[in-house]
Amino acid sequence: MDNYMVIDKLVKEMLNEQQICSEINYAIYQEMIQFELKEKFGRLYYILNDTGNQLISIMYVIFKPIEPCWYIKFSWTNPTYRNKGYHKRLKVEFESWVKNHSQHKLIKTEVSSTNDLMISLNQKGGYKIKKSIMYKNMND
């Protein structure tokens with residue numbers, strides 16, 4: 001699987017999670033990710049199966065110069081391979097890169113308040129909860 005196919009899978013999963021499915025959104029996300037990777041604002045980490053034809057886990061990270069920090073924008077693990085440490089491997093690899101190669105050491109991420117597994121994984125990895133985002137949907 002080449003990088004284009006990995007990015008294709010990443011975009012499909014991102015749009016699926018956000019429930020956005022238009023071709024225009026797909027094309028915009030593809031172009032944005034390719035630009036961010038090319039300009040070194042983004043980093044892509046992934047694990048393929050032994051034959052290299054199936055994506056097991058992926059993590060997409062961008063640099064936010066305004067803050068400045070690294071931001072884990074998206075991560076996903078194939079349901080068949082969840083709870084086996086694949087995402088943790090990607091995060092450890094990324095954190096090692098930040099520690100050894102980036103002048104900016106702050107990493108941020110957002111996690112749904114209902115995603116207890118990811119909250120626990122992040123806290124075990126040393127991540128702190130700094131704020132909670134609250135919302136109210138007036139359509140409910």
Query raised in the report: S102 and W97: side-chain donor and acceptor closer than 3.5 Å?
Result: no
Report task. Drop me the distance from I33's CD1 to L44's CG, to the nearest 0.5 angstrom. Result -> 8.0 Å
Requested in this report: Find the distance between NZ (K88) and NZ (K124) and round it off to the nearest 0.5 Å.
Outcome: 8.0 Å
Query raised in the report: So how far is it from T77 OG1 to K84 NZ, rounded to the nearest 0.5 Å?
Result: 11.0 Å
Query - Side chains of V98 and H104 in contact at under 4.5 Å (non-hydrogen atoms) - result: no
Report task. Please confirm whether K64 makes a cation-pi placement over Y71, using NZ or CZ under 6.0 Å from the six-membered ring centre and within 45° of the ring normal. Result -> yes
Query raised in the report: Is any side-chain heavy atom of M118 less than 4.5 Å from a side-chain heavy atom of H87?
Result: yes
Query raised in the report: Ion pair present between E67 and K108, side-chain N to carboxylate O less than 4.0 angstrom?
Result: yes
Requested in this report: Taking all heavy atoms of Y86 and all of I47, pick out the closest pair and write down the distance.
Outcome: O-CD1, 3.6 Å
Requested in this report: Mark yes or no for whether N100, through its side chain, and S96, through its backbone, hold a donor-acceptor pair below 3.5 Å.
Outcome: yes
Query raised in the report: When clusters are formed by joining ILVMFWY residues with side-chain heavy atoms under 4.5 Å apart, either directly or through shared neighbours, do I56 and W76 land in the same one?
Result: no
**Report entry** I58/F74 under side chain to side chain contact (heavy atoms under 4.5 Å, CB included): CA gap, chis, key distance, verdict
**Finding:** CA-CA 8 Å; I58 190 166; F74 179 82; 4.2 Å; yes
Report summary line: When rounded to the nearest 0.5 Å, the distance separating CD of Q54 from CG of N78 is 5.0 Å
Query raised in the report: Is a side-chain N or O of K105 found less than 3.5 angstrom from the main chain of K99, in a donor-acceptor match?
Result: yes
Query raised in the report: Do E93 and R89 come within less than 4.5 Å of each other through their side chains, counting heavy atoms only?
Result: no
Query raised in the report: Would a 4.5 Å heavy-atom cut-off, applied to side chains only, mark Y81 and S57 as touching?
Result: no
Query - Backbone N/O of Y127 and side chain of N122: donor-acceptor pair under 3.5 Å - result: no
Query raised in the report: Taking the side chain as C-beta and beyond, is there a heavy-atom pair between I72 and Y60 under 4.5 Å?
Result: no
Report task. Mark yes or no for whether R43, through its side chain, and L37, through its backbone, hold a donor-acceptor pair below 3.5 Å. Result -> no
Query - Candidate pair Q30 and Q34, rule side chain to side chain contact (heavy atoms under 4.5 Å, CB included), full reasoning - result: CA-CA 6 Å; Q30 281 274 39; Q34 289 174 357; 3.9 Å; yes
Query - Test of ring centre spacing under 6.0 Å for F41 and F63 - result: no
Report summary line: For S113 and I119, the nearest pair of non-hydrogen atoms, with its separation, is O-CD1, 3.9 Å
Report summary line: Output for pair (F94 CZ, I107 CD1), nearest 0.5 Å, gives 4.5 Å
